[in-house]
Amino acid sequence: QVQLVESGGGLVQAGASLRLSCAASGRTISNYAMGWFRQPPGKAREFVAGITWSGAVTKYADSVKGRFTISRNNARNTVYLQMNSPKPEPTAVYYCAAGPTLSSLVVPTPDGALPLDAWGQGTLVTGAS
């Protein structure tokens, strides 16, 4: 079982940048597609970005396309989310997740759950204008 720990959260002002990291242990992340999700207070968790095991293919939510970049370093067992925010970002807890495929990050099973292997505990990003 892979364990995931996010870091790098903090205050992000309009026009500023922030980079989140997700460090894995227990298993190599090269076996997994990896993704970032976020959950604003009182709202549902939503997909932000995903990347295949090799890093060759990425996928983004429309709301962050062109501003956020997901990347991975399999040798360091770490995934990153670079957030460049020309406009204020909503305050949210950002979660890292591991799944078998890129589709597992966005396509739920018939019972409504995403078929993922692991979630991190989250890191808080506070948006400020």
Side-chain angles (χ1 to χ4, degrees):
Q1 183 77 8
V2 63
Q3 291 85 43
L4 305 173
V5 178
E6 303 92 336
S7 62
L11 182 68
V12 57
Q13 296 181 314
S17 297
L18 197 67
R19 189 175 81 158
L20 306 182
S21 297
C22 172
S25 62
R27 296 189 71 177
T28 173
I29 63 168
S30 60
N31 294 322
Y32 300 97
M34 301 295 295
W36 287 95
F37 295 75
R38 65 184 178 188
Q39 185 169 22
K43 296 186 178 181
R45 188 154 49 187
E46 61 180 8
F47 171 80
V48 174
I51 188 167
T52 54
W53 69 271
S54 67
V57 180
T58 56
K59 182 177 179 66
Y60 296 93
D62 289 342
S63 58
V64 306
K65 209 171 285 185
R67 299 185 297 111
F68 289 10
T69 302
I70 187 171
S71 62
R72 65 191 297 158
N73 186 323
N74 288 344
R76 294 187 175 184
N77 234 21
T78 303
V79 180
Y80 305 97
L81 185 68
Q82 179 69 41
M83 304 168 60
N84 298 323
S85 299
K87 63 178 183 178
E89 289 297 325
T91 293
V93 176
Y94 280 72
Y95 297 92
C96 176
T101 64
L102 194 58
S103 294
S104 69
L105 299 170
V106 293
V107 180
T109 60
D111 64 2
L114 291 173
L116 299 178
D117 295 282
W119 289 92
Q121 86 292 343
T123 186
L124 178 64
V125 174
T126 302
S129 57

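Every value quoted in this text rests on a predicted model; they were computed, and no experiment measured them.
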Query raised in the report: Yes or no on side-chain contact (heavy atoms from CB on, under 4.5 Å) for I29 and N31, after CA distance, side-chain angles and deciding distance?
Result: CA-CA 5 Å; I29 63 168; N31 294 322; over 6 Å; no
| query | Do L81 and V48 pass the side-chain contact (heavy atoms from CB on, under 4.5 Å) test, and can you show the C-alpha distance, the side-chain angles, and the key distance before you say yes or no? | reply | CA-CA 9 Å; L81 185 68; V48 174; 4.3 Å; yes
Margin query: Working note: Q121 + V5, criterion side-chain contact (heavy atoms from CB on, under 4.5 Å); need CA distance, chi angles, decisive distance, verdict.
Written below: CA-CA 6 Å; Q121 86 292 343; V5 178; 4.1 Å; yes
Determine, stepwise, if the pair R67 / M83 fulfils side-chain contact (heavy atoms from CB on, under 4.5 Å). CA-CA 6 Å; R67 299 185 297 111; M83 304 168 60; over 6 Å; no
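Considering OG1 of T69 and CZ of R19, their distance stands at 11.5 Å, rounded to 0.5 Å. Separation of atoms OH (Y32) and CG (L4) is listed at 8.5 Å; rounding is to 0.5 Å. Taking OG1 of T58 as the reference point, atom NZ of K65 lies at 9.5 Å (rounded to 0.5 Å). Summarising the geometry, atom CG belonging to L102 is positioned 12.0 Å from atom CE belonging to M34; distances are rounded to the nearest 0.5 Å. Remark: L114 CG to T109 OG1 distance equals 7.5 Å, nearest 0.5 Å.
Partner of K59 under the side-chain contact (heavy atoms from CB on, under 4.5 Å) criterion, chosen from I70, V106, L105: V106.
Checked against a 6.0 Å centroid threshold, the rings of F37 and W119 count as neighbours.
Contact of the Q13 side chain with the T126 side chain is not registered, since no non-hydrogen atoms from C-beta on lie closer than 4.5 Å.
In this structure, a donor-acceptor pair under 3.5 Å is absent between the side chains of N73 and T78. Side-chain contact of S30 with T28: a donor-acceptor pair under 3.5 Å is present, judged by distance alone.
Note: the hydrophobic cluster containing F47 also contains V93 (ILVMFWY, side chain heavy atoms under 4.5 Å, direct or indirect links).
Annotation: disulfide (SG to SG under 2.5 Å) contacts involving residues 10-103, sequence neighbours excluded, comprise C22-C96. Identified under the ring pair (Phe, Tyr, Trp, His ring centres under 6.0 Å) test for residues 74-115, with sequence neighbours left out: none.
Using modelled atom types, no side-chain atom of R38 and backbone atom of E46 make a donor-acceptor pair closer than 3.5 Å. At least one donor-acceptor pair closer than 3.5 Å links the side chain of E6 to the backbone N or O of G122.
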